[in-house]
Amino acid sequence: MLGFSYDWEREVDTTDPGYFKWTQWIFLVLFDTWYDYDKKKGRPISELPIPPDVHAKGESAVRAYRDGKRLAYQAEVPVNWCSALGTVLANEEVIDGKSERGNHPVIRMPLRQWLLRITAYAERLLDDLANVDWPDPIKKMQHDWIGKSEGAEVDFDLPPSPSGRGVGAEGGPARKIRVFTTRPDTLFGATYMVLAPEHPLVDVITTEKQKPAIEAYKKQAASKSDFERTELAKKKTGVFTGAYAINPVSNEMIPIWIADYVLVSYGTGAIMAVPAHDERDFEFARAFKLPIRPVVLPPREWFEKTEVFKTIVSMGVDSRFKAPLEGKSDHLAETLHKFEADIVEKVAQTWQTQGADAHKIIDNLYRQSIELFEECYCDEGTAINSGPFNGQTTAQFKREITDWLEKDGKGQRKINYKLRDWLFSRQRYWGEPFPILHELDAAGQPTGAIEPLTLSELPLLLPQVEDYKPTGNPEPPLAKAKAWLEVTKNGKRYRRETNTMPQWAGSCWYYLRYLDPKNEQAFCAPAKLQRWLSVDLYVGGAEHAVLHLLYSRFWHKVLFDRGHVPVAEPFQRLVNQGMILGETDYHVDAAVYEKNRSVIEKLGLQVVRVKDEESEICLLRNPSAAGKFAPLTEEQIAKERGQTLLKGTDIELVGRADKMSKARGNVINPDDVVNEYGADSLRLYEMFMGPLEAVKPWSMRGVEGVYRFLNRVWRLVIDDRLENVKLLDAVQDVEPDKETMRILHHTIQRVTHDLDTMSFNTAISAMMELTNHLTKQTVRPRSVMKTFMLILSPFAPHLAEEIWNALTVPPSPSGRGVGGEGTLAYEPWPTYDESLLKADTIEVPVQINGKVRGKITVAADITKEGLEAAARSDERIKSQLEGKTIKKVIVVPGKLVNLVVA
RNA sequence: GCCGAAGUGGCGGAAUGGCAGACGCGCCGGACUCAAAAUCCGGUCCCCGCAAGGGGGUGUGGGUUCAAGUCCCACCUUCGGUACCA
């Protein structure tokens, strides 16, 4: 309807078996691929080298080894299980540990899931961002989402304990706790450790005495969602395990705690805490009175910003510190708060031994009494309290200590990513079934062996089931389809996978299917991939910045590695279109409304109450026919001293354009707009509103504006007084005059350029200017009008075609061409002639001290010298220069003259 | 808190460091009309002035420059995203 020229032959439907056959096939490709970190490439699982010791253990060990390396693998992952609803919930569906619907308790429990090893591709997903033409903010979001950080893994040994508990008491291998840190240089400052509550070692190391507290804390943590654990836990919580570990550099025994600010899913699920140089550790240490040891000396500027420094300076270093020393401390203690009194005492001590230099004093305070500082220093600096490494810069220290750790076998360099593997299964009925079989033994129990279906067995359809409600236990609904579930193949019994794939699966690769939507032999013919990829331009919302766009890139790279697509990146250029908001609408606060209720009612206004998270507002509207959106008009608004008031009252209004929504009743239905103004008007208005990327409010008056423009264009060519479509007599086969040619070619240039940059709004204004010029002409050359229609056609295709037809087809009873005659669809895009763009004369502003004081009209090709002379000799300028000396003259040929005077 | 984007007339918005406000909406005046709608023509950033002309002006405060909406520094506001990533 809007003339988008979509090729409906290429329509795809991700839920069609002909489509998801290939979604399942791609899953099989993922299943059949392992990532070779040396070659930085996904390779067939058959090429995976099997270590001899694995080989020696036999077939099932080899199989397990392979399964552990595949890009599609199974793992136990905690999910939000709501037993009352009998289903697994998404994070958004859980509020305060209760289900959004029904408010039933939700617990996190581990469940077998399929995951995709996107983390293997993290480095390439990061690197290849450099090769695509995407908006920088989106690139940055992906960059941060992947979240690469370089550091070291360090092992903290657990001491042998007299009780025999802890340290591998049950013969387990765990004699150490491994942590990841980006700041190995702060190792000397690690004064305690924290494990995530879910960390497997927690149960092993916890002492008998601490068991009840630890258990209680773990239970509490399990009932919180990820969101709450992070969002709500502003205050640090945690419990001591009773166990200690050995700091590998200082050989100190440091306590091990558990706390939910440490996430089990990042790094190793355990941290070394350096409270002096990490915000979170600092807060935690303060809350639980754990020792804080500074190991990085901040630069002076940091000290000078701290409260401690300000306190010292405000008290005066030189004289006043004698006071407490001379027995007047009672008086001082009364007047200073505790914090300051502490400082006074410490400063006094330092002052005695070190002298009165404020910087020296503060340096000493920092090294010895860091508790006095209200914040911690987390940037780089110079090493202190770090044994042989003292005095080193952070970068140097990091390098050397990592080398030392590696040499001693206590740690190693390590790169970590925030990006996690992609949880790819859902416990729902709707979704693509996994093309996977689980082998069963004679007793009908899974053996652990998994068997992929072959391409010839695809698509695997969803079974018909009586109901697709949850099963009431964590088993997905497909488990109820008994007939579908069990399969015998090559004499072996199998059970089908009962999880289904998420929504993302189908949308991850649809751009490839567009190229060859009906192909039954392949997801797409290689020649077509070669011909079309990569996608030249992808227009989409910014909400897909990280998830969809990252998932698609990942799948594409796997397909690339396996030789199924010819390029490494799917989308060459990406543009985020902005959202179109509803029309500007005025509201008052609910409280303001209640107060002024009678006044507002007297004006006959309608009120729509809208509640959001924080507040309730009352939208004020005009009464209108059922369902019609009628916001206040400008006549009903008064603006005074920067305030917006409801006219005739002192009620302050807030005017704002909001997202279109049913609740607000401000939804614009495109069908209505098309009925009233036509498809070209709707299309043109959307392009004229403003930059494509910007969020913009809708305006019905704006639609009328472009509608009027299209009418003017029509009347430029067509005699609208007649019933039939008939050319105006003004349209003639004559040579255009010079000025018209110049404007026409300038318009072609502007429209061509603006289309490239997708600045549709300015392209349209250029054509409006052309129209304004042509309207004034009594003779309108046919050639000019034809060219105009060609550049107008991408913006208003229907109208441009109609006019083109009238311009090119001789009058006939029907007035229309036949058989492709009289269409502009196949005409080439017009080109512009540079030489026609230049006007004979131009107007150039003349500035004096940067202010425009006059304008001169000169030949377009005037020389720099000529321009300056013309400026100086202009009467107005001359009179203004009287009695002044020109100190400097700036002449920009064709642009301006600026005379700088004393 | 952090990250990102944006602040320009009554409104949507234009301006490779070079005449701020193109184009459109709205508004004002005029033409056409018995009248209205539609259409056409002219005007429309603010202040002083009859005018010629002058002064001010792109969120706020500084800075760079002959020249700043545009570049730099600090801040304010709005919108969007994100959540302790060691």
Side-chain angles (χ1 to χ4, degrees), chain A residues 135-138 140-141 143-145 147-149 151 179-183 186 194 226-227 229-234 236 259-263 265-274 277-281 283-284 378 416-420 542-543 545-546 576 578-579 581 584 633-635 637 639 655-657 685 688-691 693-706 708-709 711-712 715 720 759 761-769 771-772 775-776 843-855 876 887-890 892 894-901:
Chain A
D136 285 335
I138 297 286
K140 190 172 167 9
M141 281 167 84
H143 178 273
D144 293 350
W145 189 264
K148 178 180 179 176
S149 55
V179 301
F180 172 72
T181 176
T182 54
R183 293 293 299 271
T186 61
V194 185
D226 268 353
F227 188 70
R229 281 174 60 164
T230 55
E231 165 76 356
L232 300 175
K234 292 278 186 240
K236 294 276 179 289
D260 62 7
Y261 83 92
V262 174
L263 310 175
S265 50
Y266 183 76
T268 61
I271 61 157
M272 62 174 207
V274 185
H277 306 290
D278 180 280
E279 201 68 54
R280 298 151 302 178
D281 298 344
E283 278 173 39
F284 191 82
C378 304
N416 241 311
Y417 300 94
K418 246 157 75 172
L419 184 69
R420 295 175 201 171
E543 67 273 19
V546 282
N576 296 123
M579 191 179 7
L581 304 176
T584 301
T633 62
E634 280 166 43
E635 290 80 58
I637 307 300
K639 296 229 170 182
R656 205 173 62 187
Y685 175 63
F688 186 61
M689 292 170 86
E693 298 87 349
V695 176
K696 315 161 278 267
W698 184 269
S699 157
M700 230 40 188
R701 289 201 156 138
V703 181
E704 279 176 45
V706 296
R708 285 208 285 261
F709 163 67
N711 280 318
R712 292 180 64 191
R715 288 195 308 268
D720 73 331
S759 313
N761 53 334
T762 48
I764 292 166
S765 49
M767 289 185 288
M768 286 174 168
E769 287 176 54
T771 304
N772 291 344
T775 302
K776 292 184 190 126
E843 196 184 49
V844 175
V846 181
Q847 297 179 334
I848 294 174
N849 286 349
K851 293 195 166 152
V852 180
R853 288 297 135 124
K855 288 173 188 179
R876 276 173 43 115
K887 285 175 65 180
K888 192 169 178 181
V889 180
I890 288 109
V892 184
K895 284 280 185 194
L896 60 38
V897 178
N898 187 11
L899 306 168
V900 184
V901 300

| message | Between A/L899 and A/V846, does the side chain to side chain contact (heavy atoms under 4.5 Å, CB included) criterion hold? Intermediate values first, please. | response | CA-CA 8 Å; A/L899 306 168; A/V846 181; 4.3 Å; yes
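As rounded to the nearest Å, B/U8 and B/G13 have C1' atoms that lie 9 Å from one another. A distance of about 11 Å separates the C1' atoms of B/G59 and B/U78, rounded to the whole Å. Look at the C1' atom in both B/G55 and B/G49: the space between them is 11 Å, to the nearest Å. Rounded to a whole angstrom, the distance from the P atom of B/U65 to that of B/A51 is 40 Å. When the P atom is compared between B/G69 and B/G63, the two are found 15 Å apart, to the nearest whole Å. B/A22 sits 5 Å from B/A14 when the C1' atoms are compared, rounded to a whole Å. Comparing B/G43 with B/A37, their P atoms sit 22 Å apart, to the nearest whole Å. The separation of B/C23 from B/G30, taken at their C1' atoms, amounts to 23 Å, rounded to a whole angstrom.
For A/N849 and B/C19, the CG to P distance is 17 Å, given to the nearest whole Å. Between A/K236 atom NZ and B/C84 atom P the separation is 10 Å, expressed in whole Å.
Between A/F180 and A/G267, the shortest heavy-atom contact is CB-CA, 4.3 Å. Pairing each heavy atom of A/N849 with each of A/N898, the nearest pair is N-OD1, 3.6 Å.
With respect to the salt-bridge test (charged N to carboxylate O, under 4.0 angstrom), the residues A/D144 and A/K140 qualify.
Here the side chain of A/V852 is nearest to one of B/A14, B/G24, B/A20, namely B/A20. Taking only side-chain atoms of A/P137, from C-beta outward, the nucleotide of B/U16, B/U39, B/G4 with the closest atom is B/G4. Considering only side-chain atoms of A/K696, the nucleotide from B/U16, B/G13, B/C79 that sits closest is B/G13. Looking at the side chain of A/S765, the nearest of the listed nucleotides B/C85, B/A22, B/G12 is B/A22. Which of B/A86, B/G24, B/G18 sits closest to the side chain of A/L263 comes down to B/A86. Taking the side chain of A/E769 as heavy atoms from C-beta on, and the options B/C3, B/C40, B/C23, the nearest nucleotide is B/C23. Here B/C85 is the nucleotide among B/C19, B/C85, B/G12 with the atom lying nearest to any side-chain atom of A/K418. Checking B/G18, B/C41, B/A15 against the side-chain heavy atoms of A/L896 singles out B/G18 as nearest. Considering only the side chain of A/I890, B/G18 comes nearest among B/C23, B/G18, B/G81. Of the candidate nucleotides B/C40, B/C3, B/C19, B/C19 has the atom nearest to the side chain of A/Q847.
Applying the 90° cutoff around 0 to the glycosidic angle, B/G9 is assigned syn.
The phosphate of B/C85 has OP1 or OP2 within less than 4.0 Å of a side-chain N or O from A/R280. Phosphate contact (OP1/OP2 of B/A86, side-chain N/O of A/S149, threshold under 4.0 Å): present. Between A/R853 and B/A67 there is no side-chain N or O to OP1 or OP2 distance below 4.0 Å. When the side-chain nitrogen and oxygen atoms of A/N772 are compared with OP1 and OP2 of B/G24, one or more of them lie within a distance under 4.0 Å. Close to B/G56, at under 4.0 Å from its OP1 or OP2, lies a side-chain N or O of A/K851. At least one side-chain nitrogen or oxygen of A/R876 sits closer than 4.0 Å to the OP1 or OP2 atom of B/G53. Taking 4.0 angstrom as the limit, A/R708 places a side-chain polar atom (N or O) nearer than this to OP1 or OP2 of B/G26. An OP1 or OP2 oxygen of B/C66 is reached within less than 4.0 angstrom by a side-chain nitrogen or oxygen of A/K888. Close to B/U39, at under 4.0 Å from its OP1 or OP2, lies no side-chain N or O of A/N711.
Checked by atom type and distance alone, the side chain of A/S699 pairs as donor or acceptor with a backbone atom of A/G702 at under 3.5 Å. Judged by distance alone, with hydrogens and angles left aside, the side-chain atoms of A/D278 form a donor-acceptor pair with the main-chain N or O of A/D281 at under 3.5 Å.
Among the atoms of the strands shown, only primed sugar atoms or phosphate atoms (P, OP1, OP2) are found under 4.0 Å from some heavy atom of A/N761. Using a 4.0 Å heavy-atom distance criterion, A/E704 is classed as making no nucleic acid contact. Counting non-hydrogen atoms under 4.0 angstrom, A/K887 reaches nothing in the nucleic acid. Heavy atoms of A/M579 sit nowhere under 4.0 angstrom from any nucleic acid atom. Among the protein residues, A/S699 comes within range of no part of the nucleic acid, since none of its heavy atoms lies under 4.0 Å from any strand. Looking at heavy-atom distances under 4.0 Å, A/E843 makes contact with a base.
A 6.0 Å sphere centred on NZ of A/K148 holds more than 12 heavy atoms belonging to other residues, nucleotides or ligands.
Across all strands shown, B/C40 forms a Watson-Crick or G-U wobble pair with B/G30, both key distances being under 3.5 Å. Remark: B/U70 base-pairs with no nucleotide; criterion is Watson-Crick or G-U wobble with both hydrogen-bond distances under 3.5 Å. Under the Watson-Crick or G-U wobble criterion, with both distances below 3.5 Å, B/U58 is left unpaired in every strand shown. Summarising the base pairing, B/G80 is matched to B/C3 through a Watson-Crick or G-U wobble pair whose two defining distances lie under 3.5 Å.
Judged by the 6.0 Å distance and 45° axis criteria, A/K236 is positioned over the aromatic ring of A/Y261.
In terms of polar N and O atoms assigned as donor or acceptor, the side chain of A/K140 never comes within less than 3.5 Å of the base of B/C3 in a complementary pairing.
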